[in-house]
**Student:** 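First the structure, which I've put down as structure tokens, then a few questions once you've had a look.
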Protein chains: 2
Amino acid sequence: MAGAVNTVHGTTHLGGGVTAIEQTEARPRGTRLPRRARRHQLLGAAQEVFVAQGYHAAAMDDIAERAGVSKPVLYQHFPGKLDLYLALLDQHCEALLQAVRTALASTTDNKLRVTATMDAYFAYVEAEGGAFRLVFESDLTNEPAVRERVDRVSLQCAEAISEVIAEDTGLPSEQSMLLAVALGGVSQVVARYWLSSESDIPRDTAVQLVTSLAWRGIAGFPLHGADGQGPEAD
Amino acid sequence: MAGAVNTVHGTTHLGGGVTAIEQTEARPRGTRLPRRARRHQLLGAAQEVFVAQGYHAAAMDDIAERAGVSKPVLYQHFPGKLDLYLALLDQHCEALLQAVRTALASTTDNKLRVTATMDAYFAYVEAEGGAFRLVFESDLTNEPAVRERVDRVSLQCAEAISEVIAEDTGLPSEQSMLLAVALGGVSQVVARYWLSSESDIPRDTAVQLVTSLAWRGIAGFPLHGADGQGPEAD
DNA sequence: ATGGCCGTGGAGGTCAAGATCGGCGTGCAG
DNA sequence: CTGCACGCCGATCTTGACCTCCACGGCCAT
């Protein structure tokens, strides 16, 4: 049976202090919880498993076992595997969008805006549980519901960035959207690379480095109404 | 709705009148091909199905039907589904790496290098069959073999770019790698966005736009030994 | 021309994983 | 004290997809 897709892949760093046998915390089966708390705990367990193994390799048995319950309980809280995944996906898409919008609104200095946005991506990627994998590295993009969510959050982030660009450069919307997609793309890709090659560069240094790259790039466009320090094009 | 083609025993092979050149439709079953041609055709059919449906949703039956053969012949050419996928993946990873290296070596003017590299990504993404999805949007990243290949090609592309950056800026390797990952990331993300939102901007315009963004960004770093037009850092 | 050979084809086995049904234990109203 | 309700669990079913077994028909040496 070569078809076994076992993937005991690196799993990055989780809780850290893991005792020998159990993975993180296997609770004694039999604790009764109110429904809301149980649901919350199930979401947490599902996130851990989905992040560590991906959607397809994650079995409902694994999630149930991780949560310390049995499968029927899982199905009493969520109609199916996809719904569980979508609940988590929505949650973290919303978190990313909020982080980006907050960063953009945190100042009116465009260079600081770039810094803040870049740092938002880094913070998002570094956030506990590695939940960014659900958004940026999903293995269920063929499912229309997932595709729609991922595309939508990317588009909304780009639109938020694009508004600032269009306002400060006067570029037409298609071009500012292209630049916005570029900026968001750099942030996401570099943040993920920085996380994967851990312990190389401190986060602030990486943010500053790529921020200077992006800022020099974006500040050179016409009509940029910042503090007037932008170098003109050739 | 696959039941269309059933027993066609009566059809003598190469009847002459059969036009049999249908790229996207199932061909009449019963044509005998030499092994090398058959393998090539199987790879083409598999690529179409994998690109259109993703790895998991693609069934071996679909690939066989698309190629106009039955499943056993598929398994006589490839040991399993994963091997088939890896063959395609290796092929297109190699193509991307070659394209990037060729673009980097096409000139010594760094601005033209950026343009050429950017255009290489756009051309790669636009290439027929949408094979870039196997590399950039794979839904099998949890499989270690796939993960290894995807990571490796990204790293090799970044290293190729990083060499140029390090040589022309004098930055330490970690920082030049970070910038190289950034440039490769922009190229990839923007090219995919440009492809998905088709008919908005012509390819040359998009390439020029994001090239100017990237060039302004990268040209500002110290010791950049290009034509000496780089604006000084603040 | 004819019999052997080999590649093709349909039909089937196996197994993993999502989804579900009867028992059990606990806490409380009466 | 006892019956009821509720949430939980072990065990099971089914679907679907990857992967092979028995029959058929064209090609080549004699």
Side-chain angles (χ1 to χ4, degrees), chain A residues 1-7 26-42 45-46 49-50 53-86 139-140 142-143, chain B residues 2-16 18 26-39 41-42 45-46 49-50 53-86 139-140 142-143:
Chain A
M1 291 309 111
V5 188
N6 42 10
T7 75
R27 329 158 78 99
R29 304 185 66 150
T31 56
R32 272 171 105 92
L33 265 64
R35 296 190 74 81
R36 201 53 61 93
R38 178 65 84 191
R39 179 190 162 95
H40 187 73
Q41 186 226 2
L42 289 178
V49 176
F50 279 139
Q53 309 218 309
Y55 180 84
H56 297 285
M60 292 296 262
D61 306 75
D62 300 340
I63 298 173
E65 187 179 358
R66 168 74 93 185
V69 298
S70 73
K71 261 189 296 183
V73 187
L74 207 50
Y75 282 95
Q76 283 162 9
H77 284 263
F78 299 95
K81 190 184 182 184
L82 182 60
D83 307 81
L84 184 52
Y85 190 80
L86 288 180
D139 58 343
L140 199 63
N142 302 105
E143 182 65 29
Chain B
V5 243
N6 47 6
T7 59
V8 240
H9 298 85
T11 56
T12 58
H13 72 295
L14 52 103
V18 180
R27 316 154 72 118
R29 312 181 72 137
T31 56
R32 265 174 115 89
L33 265 64
R35 293 193 75 81
R36 201 51 63 92
R38 179 65 83 188
R39 179 189 163 95
Q41 186 226 4
L42 289 178
V49 176
F50 280 140
Q53 311 222 309
Y55 180 84
H56 297 286
M60 292 297 262
D61 306 75
D62 299 340
I63 298 173
E65 187 180 356
R66 170 73 86 183
V69 298
S70 73
K71 266 182 291 183
V73 295
L74 203 52
Y75 283 95
Q76 283 163 8
H77 284 264
F78 299 95
K81 190 184 181 182
L82 183 60
D83 307 81
L84 185 51
Y85 190 80
L86 288 180
D139 59 341
L140 199 64
N142 302 104
E143 180 65 29

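Values reported hereafter were calculated over all heavy atoms of this structure, with side chains retained and with hydrogens, waters and symmetry mates removed.
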**Student:** Does D:dC8 have its OP1 or OP2 closer than 4.0 Å to a side-chain nitrogen or oxygen of A:Arg38?
**Tutor:**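 For A:Arg38, the contact criterion (side-chain N or O under 4.0 Å from OP1 or OP2 of D:dC8) is met.
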
**Student:** Could you work out, with side chain to side chain donor-acceptor pair (under 3.5 Å) as the rule, every residue matching A:Tyr85, not counting sequence neighbours?
**Tutor:**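 For A:Tyr85 the side chain to side chain donor-acceptor pair (under 3.5 Å) partners, ignoring immediate neighbours, are A:Ser138.
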
**Student:** So how far is it from B:Gln41 CD to B:Arg66 CZ, rounded to the nearest 0.5 Å?
**Tutor:**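 Rounded to the nearest 0.5 Å, the CD-CZ separation comes to 11.0 Å.
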
**Student:** Please give, in whole Å, the distance from C:dC21 P to A:Gln76 CD?
**Tutor:**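 In whole Å, C:dC21 P lies 11 Å from A:Gln76 CD.
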
**Student:** By side chain to side chain donor-acceptor pair (under 3.5 Å), which residues pair with A:Asp83, not counting sequence neighbours?
**Tutor:**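 With neighbours one apart ignored, the set is empty.
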
**Student:** What's the CG-P distance between A:Asp61 and D:dC9, to the nearest Å?
**Tutor:**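 A:Asp61 atom CG is separated from D:dC9 atom P by 13 Å.
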
**Student:** Measuring from A:Met60:CE to A:Lys81:NZ, what's the distance to the nearest 0.5 Å?
**Tutor:**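 Here the interatomic distance stands at 7.5 Å.
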
**Student:** Whole angstrom is fine here: how far is it from NE2 in A:His77 over to P in C:dG18?
**Tutor:**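 Nearest whole value for this atom pair: 18 Å.
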
**Student:** For the pair B:His56 and A:Asn142, evaluate side chain to side chain contact (heavy atoms under 4.5 Å, CB included) and give the outcome as yes or no after the intermediate values.
**Tutor:** CA-CA 9 Å; B:His56 297 286; A:Asn142 302 105; over 6 Å; no

**Student:** At under 4.0 Å between heavy atoms, what does B:Ala57 touch on the DNA or RNA strands: base, sugar-phosphate, or nothing?
**Tutor:**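 Result for B:Ala57 = nothing.
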
**Student:** Please report the distance, rounded to the nearest Å, between CZ in A:Arg36 and C1' in D:dG7.
**Tutor:**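 Atom-to-atom, A:Arg36 to D:dG7, this comes out as 16 Å.
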
**Student:** Would you mind reading off the distance between B:Ile63 atom CD1 and D:dC18 atom C1', rounded to a whole angstrom?
**Tutor:**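 Those two atoms, CD1 and C1', are 11 Å apart.
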
**Student:** Ignoring backbone atoms, test whether A:Tyr75 places a side-chain nitrogen or oxygen under 4.0 Å from the OP1 or OP2 oxygen of C:dT20.
**Tutor:**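 No.
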
**Student:** May I have the distance from A:His56 (atom NE2) to C:dA16 (atom C1'), rounded to whole angstrom?
**Tutor:**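 From A:His56 NE2 to C:dA16 C1': 15 Å.
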
**Student:** Quick one: A:Gln41 CD to D:dC8 C1', roughly how many Å, whole number?
**Tutor:**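 Taking CD of A:Gln41 and C1' of D:dC8, I get 13 Å after rounding.
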
**Student:** Using the side-chain heavy atoms of B:Pro72, tell me which of these nucleotides is nearest: C:dG18, C:dT8, C:dG10.
**Tutor:**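 Of the options given, the side chain of B:Pro72 lies nearest C:dG10.
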
**Student:** Counting side-chain heavy atoms from C-beta on, which of C:dT8, C:dG18, D:dC19 comes nearest to A:Lys81?
**Tutor:**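 In terms of side-chain proximity for A:Lys81, the closest of C:dT8, C:dG18, D:dC19 is C:dG18.
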
**Student:** Select one nucleotide: of C:dT8, C:dG18, D:dC18, the one nearest the side-chain heavy atoms of B:Ser70.
**Tutor:**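 Among C:dT8, C:dG18, D:dC18, the one nearest the side chain of B:Ser70 is C:dT8.
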
**Student:** Using whole Å, report how far NZ of B:Lys71 lies from P of C:dG12.
**Tutor:**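 Nearest whole value for this atom pair: 12 Å.
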
